[in-house]
Q: 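Sharing a structure below in structure tokens format, with a few things to ask.
Sequence positions, counted from 1, serve as the residue numbers for this chain.
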Amino acid sequence: MSPHGAPMASGAGELRLMERMRKRDPEALGQLYDSYAGTVLALALRILRERSAAEDVVSQAFWQIWEQAPRYSEQRGSLAAWIVSIARSRALDLLRAEQREQRRRERAGEEIERRAEPVDDPAEWTLAGERRRQVVAALRDLPVEQRECVELAYYQGLSHREIAARTATPLGTVKTRILLAMDKLRDALAELASEGSQS
């Protein structure tokens with residue numbers, strides 16, 4: 001039995017299923033999904049440790065399986081191994097993308113904090129005040145939804161999931177808003193740094 005309760009196709013049955021997939025039979029995709037979705041989800045959960053992200057991997061993996069069905073060959077390995085390979089690749093891609101986003105957010109957050117933090121040298125008070133003003137202005141220029149997510153993340157220390165719950169917003173939307181906001185803030189602060197070096 002499959003993880004979803006559907007009978008697992010035999011070797012010959014799997015080949016017939018893939019042949020129907022090659023002919024773009026959506027019912028064949030549904031049968032394959034019923035047989036392997038649980039396996040793919042469990043694998044993605046082990047890698048990502050977040051259910052919503054793992055569910056995204058399931059969708060991505062089966063879309064890729066549907067698109068690449070004509071390229072599958074039983075001579076290169078079992079259908080199960082092929083599906084698991086695709087799922088693992090999608091999960092690792094998503095994990096690396098989230099890690100890159102996290103590093104980028106951390107760098108942008110550190111830059112915001114560095115520019116906003118007070119200084120002890122009286123000679124730099126004026127410059128520090130100007131930096132704080134610029135940071136506040138950059139934040140104010142963000143769309144309201146993006147600014148809210150950034151403030152919840154960096155000034156209240158909430159996680160993406162906590163922000164999603166607090167704002168009743170889908171987790172993916174929260175991640176996108178923060179990513180777009182960090183890009184805009186980084187660009188704005190880079191321009192300010194360039195202007196400062198020329199003055």
Q: Does Arg24 qualify as a cation-pi partner of Trp66, given the criterion of NZ or CZ under 6.0 Å from the six-membered ring centre and within 45 degrees of its axis?
A: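 Arg24 over Trp66 ring: yes.
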Q: If you round to the nearest 0.5 Å, how far is CZ of Arg88 from CG of Asp93?
A: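 Separation between the atoms: 10.5 Å.
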Q: Is there a side-chain contact between Tyr33 and Val40 (heavy atoms, below 4.5 Å)?
A: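 Counting from C-beta outward, Tyr33 and Val40 never come under 4.5 Å.
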Q: To the nearest 0.5 Å, what is the distance between CD (Glu98) and CG (Leu179)?
A: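 Taking CD in Glu98 and CG in Leu179, the distance rounds to 11.5 Å.
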Q: Got more than 12 heavy atoms from elsewhere within 6.0 Å of CZ, Arg96?
A: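 Counting other residues, nucleotides and ligands, CZ of Arg96 exceeds 12 neighbours.
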Q: State, yes or no, whether a side-chain contact exists between Pro143 and Lys184 at a heavy-atom distance under 4.5 Å.
A: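 Contact flag for Pro143/Lys184 side chains = yes.
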Q: Does Trp63 belong to the same Ile/Leu/Val/Met/Phe/Trp/Tyr cluster as Val57, with side-chain heavy atoms less than 4.5 Å apart forming each link?
A: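 No; tracing contacts between hydrophobic side chains, which count when under 4.5 Å, never links both residues.
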Q: Taking only Lys NZ, Arg NE, NH1 and NH2, and the carboxylate oxygens of Asp or Glu, determine whether Arg51 and Glu55 approach each other closer than 4.0 Å.
A: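 Yes, charged N to carboxylate O under 4.0 Å.
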Q: Answer with yes or no whether the hydrophobic clustering places Val84 together with Tyr36; edges join I, L, V, M, F, W, Y residues whose side-chain heavy atoms lie under 4.5 Å apart.
A: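 Different hydrophobic clusters.
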Q: Can you check whether Met21 reaches Tyr72 side chain to side chain, under 4.5 Å on heavy atoms?
A: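 Counting from C-beta outward, Met21 and Tyr72 never come under 4.5 Å.
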Q: Which distance, rounded to the nearest 0.5 Å, do you find between the CG of Leu17 and the CG of Leu29?
A: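 Here the interatomic distance stands at 9.0 Å.
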Q: Taking the side chain as everything from C-beta on, heavy atoms only, tell me whether Ile178 gets closer than 4.5 Å to Ile163.
A: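 Ile178 vs Ile163: side chains touch.
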Q: Give a yes or no on whether the backbone of Thr167 and the side-chain of Thr169 come within a donor-acceptor separation of less than 3.5 Å.
A: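 Judged by distance alone, yes, a pair lies under 3.5 Å.
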Q: Contact between Cys149 and Gln146 at the side-chain level, heavy atoms closer than 4.5 Å - yes or no?
A: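 Side chain of Cys149 against side chain of Gln146, heavy atoms only: no contact under 4.5 Å found.
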Q: Got a second to check how far Trp82's CH2 is from Met18's CE, nearest 0.5 Å?
A: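 So the CH2 of Trp82 and the CE of Met18 are separated by 4.0 Å.
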Q: For Glu27, is the CD atom crowded, meaning more than 12 foreign heavy atoms sit under 6.0 Å from it?
A: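 It does not: Glu27 CD has 12 such atoms or fewer within range.
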Q: Taking Val174 as the starting point, is it possible to reach Leu142 by hopping between hydrophobic residues whose side chains are less than 4.5 Å apart?
A: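 Leu142 and Val174: one cluster.
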Q: Other residues, nucleotides and ligands only: do more than 12 of their heavy atoms fall within 6.0 Å of CZ on Arg20?
A: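 Yes.
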Q: So how far is it from His160 NE2 to Ser52 OG, rounded to the nearest 0.5 Å?
A: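 With rounding to 0.5 Å, NE2 (His160) is 11.5 Å from OG (Ser52).
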Q: Tell me, do Thr173 and Glu145 make a side-chain contact under 4.5 Å, heavy atoms counted?
A: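 Answer no - side chains too far apart.
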Q: Any ion pair linking Arg161 and Glu50 (charged N to carboxylate O, less than 4.0 Å)?
A: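 Between Arg161 and Glu50 there is a salt bridge, with a charged N closer than 4.0 Å to a carboxylate O.
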Q: Which pair of non-hydrogen atoms, one from Leu139 and one from Arg147, has the smallest distance, and what is that distance?
A: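 Smallest heavy-atom distance, with atoms named: O-CD, 3.2 Å.
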Q: Once you round to the nearest 0.5 Å, how far does OG1 of Thr176 lie from CG of Leu180?
A: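 Reported to 0.5 Å precision, the distance equals 6.5 Å.
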Q: Ala54 and Leu41: which non-hydrogen atoms are nearest, and at how many Å?
A: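 That would be CB-CD1, 3.7 Å.
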Q: Please find the pair of heavy atoms, one from Ala61 and one from Ile86, that lie closest to each other, and give the distance.
A: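 Reported closest heavy-atom pair: O-CG2, 3.9 Å.
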Q: Where is the tightest heavy-atom contact between Ser159 and Glu162, given as atom of each residue plus distance?
A: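 Smallest heavy-atom distance, with atoms named: N-OE1, 2.8 Å.
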Q: Would you mind reporting whether Glu74 and Leu79 have side-chain heavy atoms less than 4.5 Å apart?
A: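 No, too far: nothing below the 4.5 Å cut-off.
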Q: Could you check whether Arg16 pairs with Glu19 (Lys NZ or Arg NE/NH1/NH2 to Asp/Glu carboxylate O, under 4.0 Å)?
A: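 No, this pair does not count.
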Q: Sub-3.5 Å donor-acceptor pair from the side chain of Ser35 to the main-chain atoms of Gln31, do we have one?
A: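 Yes: the side chain of Ser35 pairs with the backbone of Gln31.
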Q: Tell me whether Phe62 is reachable from Leu45 by hopping between hydrophobic residues (I, L, V, M, F, W, Y) whose side-chain heavy atoms are closer than 4.5 Å.
A: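 Hydrophobic grouping puts Leu45 with Phe62.
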Q: Side-chain contact test, heavy atoms from C-beta onward, threshold under 4.5 Å: evaluate it for Leu32 versus Ile83 and give yes or no.
A: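 Side chain of Leu32 against side chain of Ile83, heavy atoms only: contact under 4.5 Å found.
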Q: Taking Leu43 as the starting point, is it possible to reach Val58 by hopping between hydrophobic residues whose side chains are less than 4.5 Å apart?
A: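 Result: no, two separate clusters.
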